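Contents: one structure, followed by commentary.
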Amino acid sequence: QLTVEVSLLEWPPYESMNDFYANNQASMLQFLSRLSQGIGFSFSRAEISGNAVFKRLSDGKVFGPFKFFRSQLYQVVEPGLYEATVEIAQSEHYGWKVEVLANQAPPAWHLIP
């Protein structure tokens, strides 16, 4: 599921829709083109929840932590080499390295047993 809000105006007047669309078209298309550019994972076990952190190795920038539920998460990130760390309990951690490419299809996905 995806909800895209392109302005602070939740219900623009109908008569302004053509201008509203024209003013936001480029940014919406740029956003949609990046949806497959990210890091994702899923567990083979059902109903796992926890936290995930993604560290970009080129500059050490950390993204997260991101909470996840129902055994999976997908996060859009800039291209680069990342170290992913997933924690589902204080004693259960998973980690791997992943390269995210621009406009990658399919996205970088990792299955955790």
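The model shown is predicted, which means the values in this text are computed figures rather than measured ones.
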For the residue pair F41 and F68, categorise the inter-ring angle as parallel (less than 30°), tilted (30 to 60°) or perpendicular (more than 60°). perpendicular
Could you measure the distance from the NZ atom of K97 to the NZ atom of K55? Nearest 0.5 Å is fine. 9.5 Å
With H93 via side chain to side chain contact (heavy atoms under 4.5 Å, CB included) - residues at least two apart: E87
Sequence-distant partners of S49, side chain to side chain contact (heavy atoms under 4.5 Å, CB included), two or more places apart: F69
Just to verify, what does E92 make a side-chain hydrogen bond (donor to acceptor under 3.5 Å, both in side chains) with, not counting sequence neighbours? R45, Y94
S42 meets the side-chain hydrogen bond (donor to acceptor under 3.5 Å, both in side chains) criterion, sequence neighbours left out, with W109
Tell me, with the steps shown, if N51 and F66 meet side chain to side chain contact (heavy atoms under 4.5 Å, CB included). CA-CA 5 Å; N51 291 298; F66 301 104; over 6 Å; no
The criterion is ring pair (Phe, Tyr, Trp, His ring centres under 6.0 Å); which residues satisfy it with Y21, sequence neighbours excluded? none
For a side chain to side chain contact (heavy atoms under 4.5 Å, CB included) check, start with the C-alpha distance between V100 and Y82, then their side-chain angles and the critical distance, and finish with the verdict. CA-CA 8 Å; V100 175; Y82 290 82; 3.9 Å; yes
Which salt bridge (Lys or Arg N to Asp or Glu O under 4.0 Å) pairs, counting each pair once, include a residue from residues 11-21, with sequence neighbours left out? none
When you compare the side chain of F54 with that of Q75, does any pair of heavy atoms fall below 4.5 Å? yes
With heavy-atom distances below 4.5 Å as the criterion, would you say the side chains of L101 and P79 are in contact? no
Looking at residues at least two apart in the chain, or sitting in another chain, which of them share a side-chain hydrogen bond (donor to acceptor under 3.5 Å, both in side chains) with E83? none
Kindly indicate whether the side chain of T85, heavy atoms from C-beta on, has any atom under 4.5 Å from the side chain of W96. no
So salt bridge (Lys or Arg N to Asp or Glu O under 4.0 Å) across residues 64-78, not counting sequence neighbours, yields R34-E78
Who passes side-chain hydrogen bond (donor to acceptor under 3.5 Å, both in side chains) against D59, sequence neighbours left out? R56
Out of curiosity, does I39 fall in the hydrophobic cluster containing F63 (side-chain heavy atoms, cut-off under 4.5 Å, transitive links)? yes
Could you work out, with side chain to side chain contact (heavy atoms under 4.5 Å, CB included) as the rule, every residue matching P12, not counting sequence neighbours? L9, S16, M17, F20
Please report the interatomic distance CD1(I112) to OG(S44), rounded to the nearest 0.5 Å. 9.0 Å
Rest of the hydrophobic cluster containing L81 (Ile/Leu/Val/Met/Phe/Trp/Tyr, side-chain heavy atoms under 4.5 Å)? L57
According to side chain to side chain contact (heavy atoms under 4.5 Å, CB included), who are the partners of S71, at least two apart in sequence or on a separate chain? F43, I48
Any side-chain to backbone donor/acceptor pair from Y74 onto G38? Under 3.5 Å, distance only. yes
